[in-house]
Amino acid sequence: MSGTAAATGSASCRFAHYFVVCGLDAETGLEPDDGADHFALMLIQQYFSFIFTFCPSGESFDQSPIRRSFKSKVLVHYPENTDRNPFRKDAVNMLCMPRGLYFRTQADRLDHQFHSFSIASDDGTRSYGFVHTFYEEVTSPQIITAMQTLYQMHQVERQSSSSASSPSSSSSSASSPSTSSMDSLVSSLEESDAESLARVSGCLTCAGSFDPARDTLYVSKALCLLTPLPFLQASRQFLSQLHQAVTSHTAPPLPLESYIHNILYEVPLPPPGRSLRFHGVQGPIMCQRPGPSELPLGEYPLGEAFSLLGADNMVQLLTCTLLETQVLLYSQDYQRLMTVAEGITTLLFPFQWQHIYVPIVSAPLHHLLDAPVPFVMGIQRREGAQRSSLHLPHEANLCFVDIDNHCVEAPEDLPVFPDQTELIQELSEVLLRFGVPPQGGVITKPTTSTTSPRMSSLVLEDLMEDRRNGNLGGEELAVLERLQALAQRCGGGKMSDGAKTLGHELEEEEEELKAAKLNIQLREVLAGRFAAMFGRYDEFVIHSALDLDSWLSNREGTFSFDKGSFLSVQPTAHLRFLSRFLETSMFSSFVDGKVISRWADREPLQQLFDNRLEKERLYDTDKDSYNCRYRKCTTLFESAQATERRLMKADHTAIHPHLLDMRIGQGRHQPGYFPKLQADVLAQGQNTNKWSSRVTASRRTDPKRSAMTDHSGGDNEHRQKHTFAKKNLHQSKLLDPSPQAVTQTQREFVDGLLSECRLKTKRMLMERMGKESVEFGQGEANITGLQENTLIHGLCDLLERTWGHGLQLKQGKSALWSHLLHYQAAQGKTDTPTECPGSNASEQRTFDDGTQLLKGSLIQDMRFIQNMSECLSEVGQARAWIHLALEKKMLSHHLKELLTNQELLRQLYKSHAFLLCEEEREQFLFHLLSLNTVDYLCFTRVFTSISIPYRVVIIPMKKLSIAMATVDPWVCVSGELGDSGVRQIPKNTQEIFFQVLLISLRCVLSTLQLGQENSGLLAKCLIDCVMVYNEITGHTYKFPCGRWLGKGVGDGSLERVLIGQLVSPGGEEDAGRWTGTPPELSSPSQSVRIVLGSLGSRNRMMAVEVQEDVREAANNLVKHFHKLEQERGNLTVLLCGEGGLVLSLEKFLLHGFKSNRLFQRNVFVWDFIEKAVVSMETADQMGDLHGSTLTKGPPCDSLCHYVNAINASPRNIGKEGKFQLFVCLGIRDRLLSQWLPPLAECPLTGRTYEEGALLRNRPAVHSLCRILHTLNEFTITLETALVKGVDL
């Protein structure tokens, strides 16, 4: 095997993959980096409202070439390539020098800088780059001449611009047009803005003179190390020592090629759970790697991130990341962007970020900010730029993190992280132990590379190595410290180089150890919280497939996690966060990994998390772990000890750098200049590291062990073969700025949005129809309100991201609402007075009975949202409009109408925008149209404090409709929280229009009281039903009656309580056909009452059927109270509706009823109850209980008391209404089960009921009492409409 092959084969276990040098290519010359300049100027001009002029060729001379950026290039990289990690030249070049090349003179600061970056591959793994940037003197005469020429052209441009300007501005020959324009704006800006303006003006035009006769020209150069794991500290030290060797006047012991070759080919990855020491130019460097039972490697200092943002903001940022919002980081310092991005993603354990991850967005990649998908990205803040200067396509679901100003702007309606207050308190305690203020706002030291003075004493170097290895005892260390103090006193406060070195090394080691321990403890706190929240998640994982192939083929139609059951055992305060988190890709991927683990090895992170959960269960004696109070993490110090041990003493030492096979004269030291490296010795490994070779061979023979212990993200071939790609994006293409790659990326964005729409609408339909719970037998076929709100929130987010894709000019935070406003203005409706939603409707829907329902248009719905009393932001108005359109089944129709204005679309959007892709747009609308097949009440349930207009229409039987002229009806519409009050219907009309606050009714109408004031014998009518129309949402409620209203007919009722059912408004495509989910229970119709009361049909009622109906009604009540409070339905419907408890008990008491009446007229249960009570009271007064087994006691007393109170009520509710009130009061006060035995044992029962009647069957009565007794454990609150007028 050749050297190159050997090096390539062992690349997966090497410390570093590549060494890269980026900078100025003297052969190709200067090439302006117009992308960087244009991007920076674009951000600034958005704020200052002036335009920079560019020459037709793209060249700009209004800025000094010393202040301009130029394109950098990869000068060299070693090795040339590796099999598993191909070198991505353009991406590495952009990330090494995101702002391009910069020139400086000796008059400028020439500080060197350090930053890092991350590159993601298509399989989700990341590699890390660590960059040391410094300034090197330019020696090329061609470059110096070119810079001189550019500066002269810049001067000519300034002079010509000044002479062409107005006389008032031409007095200053040094001022450019930009300066003059900005001066004129200063007076109109605030003082703070004027200061920012002056700074920008100075940096753009004033500084940056260059004269080759007096100035020395310097150019930036970057040294980069690419590693498979985030070895931040070790890589920074290596590059810093490498640069220090370049700037030192003393040549290093070996050519630089020896150290670079050593770290590329001879320094292996530390084994899991071990530390490794290798040697840089100036001294030894330590790195360590966590073991299989520890958290994955994370060296980015969390303490710095917390000190910048504070514990509160970090928890808020973590919440946004977990819910997969768009996270945009903003800072002047590239390394701060990486520190916060890496810090927040390491806190996600055991979950992993699944979307775009580009912590440093260089100028050529600014198009990624247009991505309509969740992302974590960072952009550099230019000096003087303001937050408002950023041109961001969409901010509805954006979390903006201004790191330098220590603030986080979270999206609206962000749920609170579970136990957030206690979590912040625990994190603050950890931070305070390490001296980090938890409130944040601390300015950390700049990320310039730390320079360690070169060790001039071999004795001190040996002592330092002995200390690291633990060979330096306490006495020797104390002597060494005393000698150091003595040298300091003798030297008048000046320490020798050796003493400085020792002190500096000790301080650095102490700081590194402190940061590592703080990292571990902060991460352990979050890992403990996730373990508490998802400690028993595996109990809710659904394993429905027989093999992996069948599971993968049916992945989209398979539910792998029982979300409803999981949420039902969680604390109520956690539900808003958890319900949204369960819908994220990171949780879905986590659960999928658990399912796949049945057939393949588990992911390392998941295995680690599961092992921790199993260990906790062994020591956890609290079975009710979901409701226990907040518990702090107990493994903080134990976890930090392992890291401390590894950093204090090296477990392995890599081979030392050695002299390579180089020709004489190669590797010559030239102070201040990074040498031209010898490619012949760096392009291949010389295979001198036997220890590394053994490690490589052992890993090749045991791939499973490597996959189980390696936290870098690699997995075995079996998992890779069966891993399904849920992401359409190719991560490797994101960092490619070529036009072809950008076009492909935008195409993938479009496909991804369409796929997401298809999946979201399918999920909403399946949940709404209850397929998940029905298929697996886990509940009723009803979606809970919490889950519905979560899914609709996801739909709103999808629509905002879709409308924000390819936006030309952002106006406001909501891209969708901005488009709607433009459409409204284009329609010329903005100056039209707002009409009452219930009048002059241009579009009406006609029912069979002749009534009409308003079908609101897009503009009308917008006006209603704009006139709502709630103070909504732009994002809130867009969400309210979506909720309203979805509830009206008009969402697809409205959006289709919005997109018909092609001229407006082309004006607002770029050519690659999703909304300009005609085929995908039509499919998108088709998927949204499918939501019309189900009913939503999302608007009325969310926006409860608005006034809604209702129209009530009383519909009599057609044959007797003339009778309505003899009555004087009134109505009172009720919900769970209140009612509309009595509304008198005008005479000789059948309808009334009124407005009422939704909060008074609690969204959904449940009951309607219908009565009349005229009690004369002729004032009677037979009511078919009452229709109530919501004029805004289009919902129709039908309250069936089918009974008489008037004296001397039926049961003589002048007032009835009707139970309503929601009638679907149908789709916009077919206004005449009702579609939707099955309606709710309604009032028992007259036909049902006739069947119950008819003597001729009483024999048809089978005893078994009657008892089954009672059990079913009671069971529905039990299930109602076992649901979460916010997920329960309407209790009144379960009590009084069709199939409710009242009707089932009426069937029970009518079974076997005897009557001597002629013509088979209706009989009523209340007649029997009244006579039974009279019989009990009469028998009690006479003291005659002979012939009866009835024992007088409290049940009889309470029965008589309640019946008499109901009869004494001033309400004229009739016999059926009285029996309904009797049952409701009895079940509310837990007395109903006690009243049945006295009724069954009453002497009147034997004379009134046949021998086979259920009431005379002791086992049947005893069984019914047991069923009703089970309802006594629940607190039943009755609506006011049911008990009004009865004081018990």
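Between Tyr1029 and Val952, every side-chain heavy-atom pair lies at or beyond the 4.5 Å cut-off. In this structure, the side chains of Asn1212 and Ser1053 stay at 4.5 Å or more apart for every pair of heavy atoms. Contact check for Leu931 versus Leu795: side-chain heavy atoms found under the 4.5 Å cut-off. Residues Leu816 and Leu898 meet the side-chain proximity criterion, which asks for heavy atoms closer than 4.5 Å. Between Val982 and Gln1009 there is no side-chain heavy-atom pair separated by less than 4.5 Å. With contacts defined as side-chain heavy-atom distances shorter than 4.5 Å, the pair Ile1169/Val1203 qualifies. Using a 4.5 Å heavy-atom cutoff, the side chains of Leu1008 and Val1057 are not in contact. Side-chain contact between Leu799 and Leu895: present, with at least one pair of heavy atoms (C-beta onward) separated by less than 4.5 Å.
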Go through it in stages, so that I can follow the logic: the residues are Phe1164 and Leu1150, the test is side-chain contact (heavy atoms from CB on, under 4.5 Å), and I'd like the CA-CA distance, side-chain angles, deciding distance and then a yes or no.
CA-CA 8 Å; Phe1164 300 96; Leu1150 282 174; over 6 Å; no
Apply side-chain contact (heavy atoms from CB on, under 4.5 Å) to the pair Leu1268 and Leu1141, showing each step before the final yes or no.
CA-CA 10 Å; Leu1268 296 177; Leu1141 185 65; 4.1 Å; yes
Step by step, work out the side-chain contact (heavy atoms from CB on, under 4.5 Å) result for Phe1219 and Ile1206.
CA-CA 9 Å; Phe1219 177 74; Ile1206 292 172; over 6 Å; no
Under the side-chain hydrogen bond (donor to acceptor under 3.5 Å, both in side chains) rule, what do Glu412 and Ser873 come out as? Steps first, then yes or no, please.
CA-CA 9 Å; Glu412 295 181 16; Ser873 64; 2.3 Å; yes
Show your reasoning for whether side-chain contact (heavy atoms from CB on, under 4.5 Å) applies to Asn1207 and Glu1170.
CA-CA 9 Å; Asn1207 280 327; Glu1170 280 184 318; 3.0 Å; yes
I would like to know whether Glu1279 and Ser974 meet side-chain hydrogen bond (donor to acceptor under 3.5 Å, both in side chains); could you show each step before the answer?
CA-CA 8 Å; Glu1279 288 188 27; Ser974 303; 4.9 Å; no
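Rounded to the nearest 0.5 Å, atoms CZ (Arg879) and CD1 (Ile792) are 12.5 Å apart. Of the inter-residue distances, the one linking Ile865 atom CD1 with Gln860 atom CD reads 12.5 Å to the nearest 0.5 angstrom. Rounding to the nearest 0.5 Å places OG1 of Thr900 at 5.0 Å from OH of Tyr823. Note that CE of Met862 is 4.0 Å distant from CD of Gln824, once rounded to the nearest 0.5 Å. Note: Leu1278 CG to Leu1225 CG = 6.5 Å, rounded to the nearest 0.5 Å. With rounding to the nearest 0.5 Å, the separation of CG in Leu1143 from SG in Cys1136 is 10.5 Å.
Here the shortest heavy-atom pairing between Leu1134 and Asn1116 reads CD1-O, 3.8 Å. In terms of heavy atoms, Ser1144 sits closest to Val1110 at O-CG2, 3.7 Å. Heavy-atom minimum distance, Val1142 versus Cys1224: CG2-SG, 4.4 Å. Taking each heavy atom of Pro949 and Ile1032 in turn, the nearest pair found is CD-CG1, 3.5 Å. Residues Phe939 and Glu887 approach most closely at N-OE1, 2.7 Å, considering heavy atoms. Considering every non-hydrogen atom in both Ser857 and His894, the closest pair reads C-CE1, 3.6 Å.
With salt bridges taken as basic N to acidic carboxylate O contacts below 4.0 Å, one links Arg1043 and Glu1216.
Under 3.5 Å, the side chains of Glu897 and Gln827 contain no donor-acceptor pair of N or O atoms. With no hydrogens or angles considered, no side-chain donor-acceptor pair links Tyr1037 and Asn1030 at under 3.5 Å. A donor-acceptor pair shorter than 3.5 Å cannot be found between the side chains of Trp881 and Gln877.
Aromatic ring orientation, Phe1168 versus Phe1153: perpendicular (interplanar angle above 60°, classes split at 30° and 60°). Ring geometry for Phe1222 versus Trp1235: interplanar angle under 30°, hence parallel rather than tilted (30 to 60°).
Looking only at distances, no side-chain donor or acceptor of Gln1012 sits under 3.5 Å from a matching main-chain atom of Trp970. Panel note: side chain Arg1230, backbone Phe1274; a donor-acceptor pair is recorded below 3.5 Å. Checking side-chain atoms of Lys889 against main-chain N and O of Asn932 turns up a donor-acceptor pair under 3.5 Å. Here the side chain of Arg1056 pairs a donor or acceptor atom with the backbone of Trp1044 at under 3.5 angstrom.
Of the residues listed (Thr1275, Ile1276, Leu1271), the one engaging Phe1121 in a side-chain contact (heavy atoms from CB on, under 4.5 Å) is Ile1276, and it is the only one. Of the residues listed (Ile954, Ile1023, Val1026, Ile955), the one engaging Cys1041 in a side-chain contact (heavy atoms from CB on, under 4.5 Å) is Ile1023, and it is the only one.
Not counting sequence neighbours, the partners of Asp413 by the side chain to side chain donor-acceptor pair (under 3.5 Å) test are Arg576.
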